[in-house]
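This report concerns only the one structure given below.
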Amino acid sequence: MTDHTHCIRTIAAALAASTALTGAALAQDGGTIQIATHYNQDQMAPLLACFDRYTEETGVEIEFQQASYRDFLQTILTARVGGTAPDIYNIYSIWAPQLASSGTLAEPPEDVASWIRDSYGEGTVGAATINGTLYGIPTELSVYQLFYNKKLLAEAGYDGPPETWDELKEIAAAITEANDQGNITTAGYVYGPSVANAVHIYYAQMYNAGVAPYSDDFRTTNFTAPDSVNIIARQGELFADGITSNSVTTDDFPAGRAAMMIAANWQKQTMQEAFGEDFEDTVGIAPIPGDGGDPGTMLYSFFWAVDSSSDMQAESWDLLRWLNEAQGDADLSCTGQMLNDLGALSGNLSDLAAMPTDDSFTAPFVEAIESGAAASQPNIWQAAENDRILRSYIEQVWAGTMSAEDAMEAADAEVSAILSEQD
Amino acid sequence: MTHDRSPEARAPLTELSDAPRPTLAQRVGSKSVAPWIFIAPMLVFGAIFFILPLLYAGYISLTRWNGFTAPRWVGLGNYDYLLFTDPRFWDTFWNTIYFAAGTILIGVPLALVLAYAFTRAYGQAVWRSIYWLPYITNVVAVAYIWQFLLDDSFGLVNRALDAAGLPGPGWLTDPSIAMTTMILIFVWMQLGHNLLLFSAGLAGIDESYYEAARLDGAGERQLFLDITVPMLKPTLLFVLITNFITGLSYFVLMLVMADVAPQGPIKVTGLYMYEMAFSDQRLGRAAAAAYILFTVVLVVTLVQLRVFRRGGVEAH
């Protein structure tokens, strides 16, 4: 066969294939729905399989777009400015106030809203609710508890986790080791480098102390409350006493170089991969230590939302309901299956009941959700900005450059000024 | 009104009407039109991607805009807030000045001395290539490499210091030195670029100056200070201005390092603007911050130009 003939046959084959594809596309007259999430292709695998099934059943095409968590809001913004916004987002609940205020989010139809209220826990529905209006379907729940390394505690002579903050400090001090240069090599307790690693811990400790970090109307803070100042002052003491430092972070826990941290349940997969067969014997979960009293903590949530500019709104809500209800003989919904594979918890009560959650790692998190001990992260105005401001002041207490009182007063002034901007 | 109808007066008109009109091709090819056609793509590109965004940013800086809804006019409110109310803007501004000044004070003399040394060394091209590599390496890769090297407890740098019996500072984690570490990493990244510019400048200095000075008994130090440095003033001016502008607007390294270093001490105005615009959706305020930074860059650049002109750059 000559090159010329080969070329002609290749072009003919390509034309035939494109014609066939065009024909198939025309046959699908259900339209196309674009879904954007921060989950990557591997994490989305169960959902992507469901998308294919849904397309077969309804003729609606579904396109998946991934955007990194850090750039997610920016991606939405850019897409909307360019008129190419996805129809469905999976968003972090604290982004919702700005998105709702700007009219970006569509309200679900009444039947979908009723189904959400019936199928999800009250706290998780609250995470998707802004000023009394429900904007979406809750998905992944993340709850904060104390992680402790059973082996490191046992080596230091402690056979159980601390129940109070004083005990935590004592155990952490006993475990901490430093090298000749004074740098910590094994940390008794660690914080993390991200904004959430400081601010979410603070919020969780506030709920643990029985004080909400913000007023009920989210227009003022409780940062200067005595419990709040005490929490931050105690954090500063861990740094001042050399029990922790910026050199060691939450990344050192799966490396076996940190004994305790307050973290969320989504770390399960990381811990399993890090400790392998020793996972259950190494990683322990306990309520956050405080001054005694009822253990409280914080949970945060993601939820499915539909863009108000979408011309496929009704179809999008239909799809979302289908994805979040168990289909056929399955125990879990498509979303539930994906979260289960990730080791995450679902806000959907049926999914949560069907998930295997009785292992020693997961049970304390589920207990916190079901008992109501876990309060939903407040959906405050400009949450990301406020959290960053708060982190900067907490860091100054850690560094010893500000007292806890001064830092929380300054944080309160700045954050309150931002909260007062809302209509 | 009188009209001059003499033949002499009408002659030029006759000549004009008889002259052949230039064709379209002739007009396009004329000296008054052709250059504009050649630079038209660049002008259109500049107008769309520079002038219009600049003007639009100027308008946006006078509004409150979150990107989702229509901008709301606030006049000079954003400038007023940043300059007189915002407790963070000036902190980030001084961090920016510290970073830009630090990169110049360390980076420029270092690049100049190395470039001078390499002009007298064997294998100049090899040395230049080695020093050029960090400049073309992805900044994320650079950040990760330095994170490993500068880890407090297990990093190679502190292990080496420990072996020498020296203390190991928290290069990236100690708030008091984190920015200095950023400067040193940036200088390492930028060194090859500056070195190349200085090398080009050095190549342009006539060797006869050095020969004459040597005949007069000048030593190496005198040759460098009295011939090389003065003759390099145009290059020096270019390097200083471009480095200062880069330093004032740079934030990528800090953005990548944000998950390791404390947030406050390494936050420069560029990073603060980025967060304002794309994390906080305060696009109007971010545009105002950009204009303030632009003004500072403009003023400093003009001062540098004036100072160097007085120093004799015009003579070159």
Side-chain angles (χ1 to χ4, degrees), chain A residues 70-71 73-78 80-81 85 95 98-99 101-104 177-187 192-195 197-198 245-249 251-252 255 257 308-309 382-389 391-396 398-401 410 413-414 417-418 421, chain B residues 64-70 72 81 85-88 91-92 147 150-155 157-178 255-267 271-272 274-283 285:
Chain A
R70 182 182 271 184
D71 299 329
L73 261 189
Q74 184 184 341
T75 305
I76 296 176
L77 184 142
T78 311
R80 280 184 67 89
V81 170
W95 298 334
Q98 278 96 302
L99 293 172
S101 161
S102 60
T104 303
E177 290 175 4
N179 61 17
D180 292 342
Q181 293 174 312
N183 290 319
I184 293 175
T185 50
T186 303
S194 72
V195 171
N197 288 143
S245 77
N246 288 327
S247 304
V248 284
T249 68
D251 289 343
D252 289 298
R257 293 197 300 267
S308 60
S309 65
Q382 293 286 126
E385 183 179 9
N386 290 327
D387 285 357
R388 218 173 44 248
I389 289 168
R391 160 107 197 179
S392 72
Y393 283 110
I394 291 174
E395 262 186 5
Q396 293 193 56
W398 292 355
T401 53
E414 268 193 69
I418 292 171
E421 291 174 3
Chain B
R64 185 174 174 179
W65 187 43
N66 62 11
F68 295 106
T69 51
R72 202 173 69 203
Y81 177 82
T85 307
D86 188 352
R88 275 159 213 288
D91 286 345
T92 66
Q147 280 177 31
L150 298 175
D151 183 86
D152 296 359
S153 304
F154 306 103
V157 173
N158 276 3
R159 292 296 85 227
L161 290 172
D162 188 39
L166 296 168
W171 297 100
L172 295 166
T173 57
D174 183 343
S176 62
I177 62 168
L255 180 68
V256 181
M257 290 288 198
D259 282 347
V260 183
Q263 313 270 316
I266 64 162
K267 188 162 289 179
L271 180 56
Y272 188 46
Y274 176 83
E275 288 175 346
M276 256 191 264
F278 300 114
S279 177
D280 306 339
Q281 280 71 56
R282 296 188 185 277
L283 294 160
R285 193 179 289 172

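Because the structure is predicted, anything quoted here is derived from the model rather than measured. Just so it is clear: chains get the letters A, B, ... in the order the sequence lines come, proteins before strands, and each one is counted from 1.
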With only heavy atoms counted, which part of [X] is less than 4.5 Å from chain B, the side chain, the backbone, both or neither?
X	value
A:T185	both
A:E414	side chain
A:S392	side chain
A:N197	neither

* Would you mind checking which part of B:L161 comes under 4.5 Å of any heavy atom in chain A, side chain (CB onward), backbone (N, CA, C, O), both or neither? => both
* Asked: Which atoms of B:D174 come close to chain A, meaning under 4.5 Å heavy atom to heavy atom: side chain ones, backbone ones, both, or neither?
  -> neither
Taking the side chain as everything from C-beta on, heavy atoms only, tell me whether [X] gets closer than 4.5 Å to [Y].
X	Y	value
B:R88	A:R388	no
B:P262	A:N246	yes
B:S153	A:R257	no
A:L99	B:Q281	no
B:V260	A:P193	no
B:F278	A:T78	no

* Write down the atom of B:N66, the atom of A:S102, and the distance for their closest heavy-atom approach. => ND2-CB, 4.0 Å
* **Where B:D280 and A:Q382 come nearest, the two heavy atoms and their spacing** => O-NE2, 3.1 Å
* Structure fact -> If you tally heavy-atom pairs under 4.5 Å between each of B:G67, B:G168, B:S279 and chain A, the highest tally belongs to B:G168
* Polar side-chain atom of A:Q181 near backbone of B:P169 as donor-acceptor pair, under 3.5 Å -> no
* Using atom types as modelled and distance alone, determine if a side-chain donor or acceptor of B:D152 lies under 3.5 Å from a backbone N or O of A:N183. => no
* Structure fact -> CG (A:D180) and CG (B:L166) are apart, to the nearest 0.5 Å, by 12.5 Å
* Structure fact -> So CZ of A:R80 and OG1 of B:T69: to nearest 0.5 Å the spacing works out to 10.0 Å
